[in-house]
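Note sheet for the following structure.
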Amino acid sequence: MKKCFTILIAISFIFIGTAIAEKPVLVSKKKAVKEDMNVQKKEMKDYSVDETGKKEKNTKKIIDDKKKGQKKQEEKKSSQVQKELDKDSAKGQEVRQQRKKWWKLWGGTE
């Protein structure tokens, strides 16, 4: 009985000793590397979210600028004088007759 009891105590001290013992340096390095990788992944994710936000802002700005440019162009065109408005009127006919054509330079008739 004493033999079994001493063997049991010896085995328990061995197990307690291994549980209390310091972990090897390799294990702590691997843990540190994993933590670093997790931090880097998080930073990359945040960076990509920031970049997509910037791209969306830039595209919105470009689209808004194009819309503004189109509105300005429409305003300019609407404010321009329409020269051909009197085309069918008598005034338009007179103006066309007064203009000389290049093929009628020598006074030929129509």
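Counting begins at 1 with the first residue of the sequence. This structure is a prediction, so every number in the text was calculated from the model and none was measured.
- Distance check: K61 NZ to K68 NZ gives 9.5 Å after rounding to the nearest 0.5 Å.
- A distance of 12.5 Å separates CD in Q70 from CD in E75, rounded to the nearest 0.5 Å.
- Between D46 and K42, some side-chain heavy-atom pair lies under the 4.5 Å cut-off.
- One finds the CG atom of D64 at 9.5 Å from the OG1 atom of T59 (value rounded to the nearest 0.5 Å).
- A distance of 8.5 Å separates CG of N38 from NZ of K34, quoted to the nearest 0.5 Å.
- Distance CD1/I11 to OG1/T6: 9.5 Å, rounded to 0.5 Å.
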